[in-house]
Asker: 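Before we start, here is the structure in question, set down as structure tokens.
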2 protein chains.
Amino acid sequence: MALILQNIEQHVTLTAQEKELFLSKTETHHYKAKTILLNSGAICKHSYFVNSGILRSFNINDNIVEHVLTFACEGWWIGDMYSLLSQKPGNLFIEVLEDAEVVLLSKENQEILYREIPKLERFFRILTENSLVANQERLMDNLSLTAEERFEKFCKKYPTLIQKVAQKQIASYLGVTPEFFSKMKSKTLRKQ
Amino acid sequence: MALILQNIEQHVTLTAQEKELFLSKTETHHYKAKTILLNSGAICKHSYFVNSGILRSFNINDNIVEHVLTFACEGWWIGDMYSLLSQKPGNLFIEVLEDAEVVLLSKENQEILYREIPKLERFFRILTENSLVANQERLMDNLSLTAEERFEKFCKKYPTLIQKVAQKQIASYLGVTPEFFSKMKSKTLRKQ
DNA sequence: TTTGTCGCTTAATCTAGATTAAGAAAGAAG
DNA sequence: CTTCTTTCTTAATCTAGATTAAGCGACAAA
């Protein structure tokens, strides 16, 4: 069964017809690494679900420094929540880090699906709730842990990502410079 | 009309019966400043809606340092999302900063209400979505802005809070020490 | 093969913000 | 009013992590 349906059925149960309807409202695309799916300043029209490959969302501040908000690999959703909800220009980029197959669900179709399959309201509520919990934990970690502690937590939480994405991406996610990350990493390795 | 119903009707419309049912599932309590509504290590059983006064949620790390996750004043919801969803012990405290009237909605009643009034599924989805957007913005701000810039943003976003809560609370929310906050504040004032 | 680009490392120097300490101001509590 | 406790301020010192800079290895294009 489609990965995205499995993902939904982790939280709500759909009938065969509902599954079909859902899929009929999505499109699947293949993207090469380095493709930009969403640009800062643009309005986010879709939620993206990753079938394979890796995406990231990030912003760029005045100083031309990138900051990674989220990574998304197999089985994860990604988007610019602010822009998607408000339909105003956002300040996030969404980029492909590793060749990817992505399911696109447009904002309009999402609204239609909420009406046709009210259970999806529940599904996306739960999805958003989990996302909020993860985000709050990350925020608290940024306030109270050192870069090294955050790195350790990251390694435990996303062991596969470390091997797959460039170090500078992880540094950016953790909120440190690539130079400091490199120093920190070699120090950590020497300890063990 | 009850403030909490106004709050809900910002996003969904309820019938008179639904309003009545909703209110029948809540309790309203008065709390004095310094009351702890939820302790770290306890399981969060309620969502809290603030009719008046001010609450905060915070955690305490190994070093006995407090970190404020959120403030909640009139018309805001607060809780320990992680613990509320998982029904496992959380690590947040919820404390009253200023004498407050608070509406309590238990987890069980919330689930019942989802079944009886499916529209509430939508309401809480939207509430959580907005919360996530705000949280993501704060996270990015913590990664990319200086303490001073974060303080300016905070002042614009929550002008009333600055007068009402102790400086050390705001310092904690911004992620700096009270000493540094004091220095930063007097520097900012001298500039203008 | 060469040239260019990009990511990683190492090291020296610098700074935003932490820590420590101590006094002043302002509430609470009796 | 007085005492106690908490908050705020100021200042000296310290440090996690930033900045700058330079060299190296990998890989892709020509």
Side-chain angles (χ1 to χ4, degrees), chain A residues 32-36 54 56 58 60-68 71 95-99 141-155 161-191, chain B residues 31-36 54 56 58 60-68 71 93 95-99 141-155 161-191:
Chain A
K32 287 269 156 212
K34 300 191 183 173
T35 308
I36 300 287
I54 306 179
R56 66 162 176 154
F58 65 100
I60 299 184
N61 74 358
D62 320 325
N63 314 323
I64 319 168
V65 181
E66 291 181 9
H67 290 279
V68 172
F71 295 111
E95 185 198 27
V96 179
L97 289 180
E98 194 181 73
D99 293 6
D141 286 350
N142 276 304
L143 292 179
S144 59
L145 303 181
T146 64
E148 214 168 327
E149 291 167 325
R150 274 177 275 145
F151 178 44
E152 276 168 33
K153 247 185 130 165
F154 183 87
C155 291
L161 266 180
I162 305 157
Q163 286 122 12
K164 287 189 179 171
V165 314
Q167 277 193 52
K168 55 180 278 194
Q169 303 298 344
I170 296 170
S172 168
Y173 180 93
L174 294 175
V176 296
T177 58
E179 293 86 354
F180 183 74
F181 183 81
S182 173
K183 187 163 75 176
M184 182 176 80
K185 206 189 65 169
S186 67
K187 202 182 75 180
T188 308
L189 291 178
R190 250 177 286 134
K191 263 197 269 175
Chain B
Y31 299 105
K32 286 269 157 213
K34 298 190 183 174
T35 308
I36 300 287
I54 305 178
R56 66 162 178 154
F58 65 101
I60 298 184
N61 74 358
D62 321 324
N63 313 322
I64 319 168
V65 180
E66 292 181 8
H67 290 280
V68 172
F71 295 110
F93 295 82
E95 184 197 29
V96 179
L97 289 180
E98 193 181 72
D99 293 6
D141 286 351
N142 276 305
L143 291 180
S144 60
L145 303 181
T146 63
E148 214 169 325
E149 292 167 326
R150 275 176 275 145
F151 177 43
E152 276 168 34
K153 246 184 131 166
F154 184 88
C155 291
L161 266 180
I162 306 158
Q163 286 122 13
K164 287 188 179 172
V165 315
Q167 278 194 59
K168 55 180 279 195
Q169 304 297 346
I170 296 170
S172 169
Y173 179 93
L174 294 176
V176 296
T177 59
E179 294 85 354
F180 183 75
F181 183 81
S182 174
K183 186 164 76 175
M184 182 177 80
K185 205 189 68 169
S186 66
K187 200 182 76 178
T188 308
L189 291 178
R190 250 178 286 133
K191 263 197 270 175

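Residue numbers start from 1 in every chain, and the chains themselves are labelled A, B, ... in the order their sequence lines are given, proteins ahead of strands.
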Asker: For the side chain of Thr177(B), counting heavy atoms from C-beta on, which of dG17(D), dT19(C), dC8(D) is nearest?
Answerer: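 Looking only at heavy atoms from C-beta outward on Thr177(B), the closest nucleotide is dT19(C).
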Asker: Find the distance Asp99(B):CG to dA28(C):P and express it as a whole number of Å.
Answerer: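 Result: 10 Å.
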Asker: Can you measure Lys187(A) atom NZ to dT9(C) atom C1' for me and round it to whole angstrom units?
Answerer: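 After rounding, the gap between these two atoms is 16 Å.
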Asker: Under 4.0 Å between a side-chain N/O of Arg150(A) and OP1 or OP2 of dA16(D), yes or no?
Answerer: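 So the side chain of Arg150(A) is outside the cut-off, no N or O lying under 4.0 Å from OP1 or OP2 of dA16(D).
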Asker: Counting heavy atoms from C-beta on, name the nucleotide in dA18(D), dG7(C), dC8(D) closest to the side chain of Lys168(A).
Answerer: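 Nearest to the side-chain atoms of Lys168(A), counting from C-beta on, is dG7(C).
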Asker: For the pair Glu95(A) and Glu66(A), evaluate side chain to side chain contact (heavy atoms under 4.5 Å, CB included) and give the outcome as yes or no after the intermediate values.
Answerer: CA-CA 12 Å; Glu95(A) 185 198 27; Glu66(A) 291 181 9; 5.8 Å; no
Asker: Mind telling me whether Tyr173(A) and Phe71(A) have parallel, tilted or perpendicular rings, with 30° and 60° as the class edges?
Answerer: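 Rings of Phe71(A) and Tyr173(A): parallel, as their planes differ by under 30°.
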Asker: Distance check: side-chain N/O of Ser186(B) vs OP1/OP2 of dT10(D), anything under 4.0 Å?
Answerer: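 Affirmative; the distance criterion is met.
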Asker: For the side chain of Val176(A), counting heavy atoms from C-beta on, which of dC8(D), dA18(D), dT10(D) is nearest?
Answerer: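 Nucleotide nearest to Val176(A)'s side chain: dA18(D).
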Asker: Of all the nucleotides listed (dG17(D), dT10(C), dG17(C)), which has the minimum atom distance to the side chain of Ser182(A)?
Answerer: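 Nucleotide nearest to Ser182(A)'s side chain: dT10(C).
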Asker: Answer yes or no: does a side-chain N or O of Thr146(B) lie under 4.0 Å from OP1 or OP2 of dA16(C)?
Answerer: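 Checking dA16(C) against Thr146(B), no side-chain N or O comes under 4.0 Å of OP1 or OP2.
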Asker: Atom CZ of Phe181(A) to atom P of dA16(D): distance rounded to whole Å?
Answerer: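 For the pair Phe181(A) CZ and dA16(D) P, the rounded distance is 18 Å.
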Asker: Which listed nucleotide (dA18(D), dC8(D), dA18(C)) is nearest to the side chain of Ala166(B)?
Answerer: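 It is dC8(D).
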Asker: Could you walk me through whether Asn142(A) and Arg150(A) satisfy the side chain to side chain contact (heavy atoms under 4.5 Å, CB included) test, starting with their C-alpha distance in whole Å, then the side-chain angles of each, then the deciding distance to 0.1 Å, before giving a yes or no?
Answerer: CA-CA 7 Å; Asn142(A) 276 304; Arg150(A) 274 177 275 145; 3.2 Å; yes
Asker: Could you state the CD1-P distance from Ile64(A) to dT19(D), rounded to the nearest angstrom?
Answerer: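 One finds 12 Å between P of dT19(D) and CD1 of Ile64(A), rounded.
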Asker: Nearest whole Å is fine: how far is dT15(D) P from Lys183(A) NZ?
Answerer: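 Rounded to the whole Å, the gap is 14 Å.
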Asker: Across the strands shown, which category fits Lys185(A) at heavy-atom distances under 4.0 angstrom: base, sugar-phosphate, nothing?
Answerer: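 Here Lys185(A) touches the backbone only, sparing every base.
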Asker: Quick one: on DNA chain C, does Lys34(B) or Glu179(A) contact a more 5' nucleotide (nearest heavy atom)?
Answerer: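 The residue whose closest nucleotide sits nearer the 5' end is Glu179(A).
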Asker: In whole Å, I'd like the distance from the CG atom of Leu174(A) to the C1' atom of dA18(D).
Answerer: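 Taking atom C1' of dA18(D) as the reference, CG of Leu174(A) is at 15 Å.
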Asker: Let me spell it out: for each of Met184(B) and Val165(A), pick the nucleotide of DNA chain C with the closest heavy atom. Which residue's pick is nearer the 5' end?
Answerer: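 Between the two, 5'-proximity favours Val165(A).
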Asker: Output the rounded distance in Å from CD (Glu95(A)) to P (dC6(C)).
Answerer: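 One finds 13 Å between P of dC6(C) and CD of Glu95(A), rounded.
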Asker: Using whole Å, what does the distance between atom C1' of nucleotide dT19(C) and atom CZ of Phe180(B) come to?
Answerer: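 Those two atoms, CZ and C1', are 13 Å apart.
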Asker: Can you tell me if the side-chain N/O atoms of Gln167(B) get under 4.0 Å from OP1 or OP2 in dT9(D)?
Answerer: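 For dT9(D), OP1 or OP2 has a side-chain N or O of Gln167(B) closer than 4.0 Å.
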Asker: Say whether, by atom type as modelled, one donor and one acceptor occur between the side chain of Thr188(B) and the main chain of Met184(B) under 3.5 angstrom.
Answerer: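 Yes, because the side chain of Thr188(B) sits within donor-acceptor range (under 3.5 Å) of the backbone of Met184(B).
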Asker: Phe58(B) vs Phe93(B) aromatic rings, parallel, tilted or perpendicular, using cut-offs 30° and 60°?
Answerer: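 Because their plane-to-plane angle is under 30°, the rings of Phe58(B) and Phe93(B) count as parallel.
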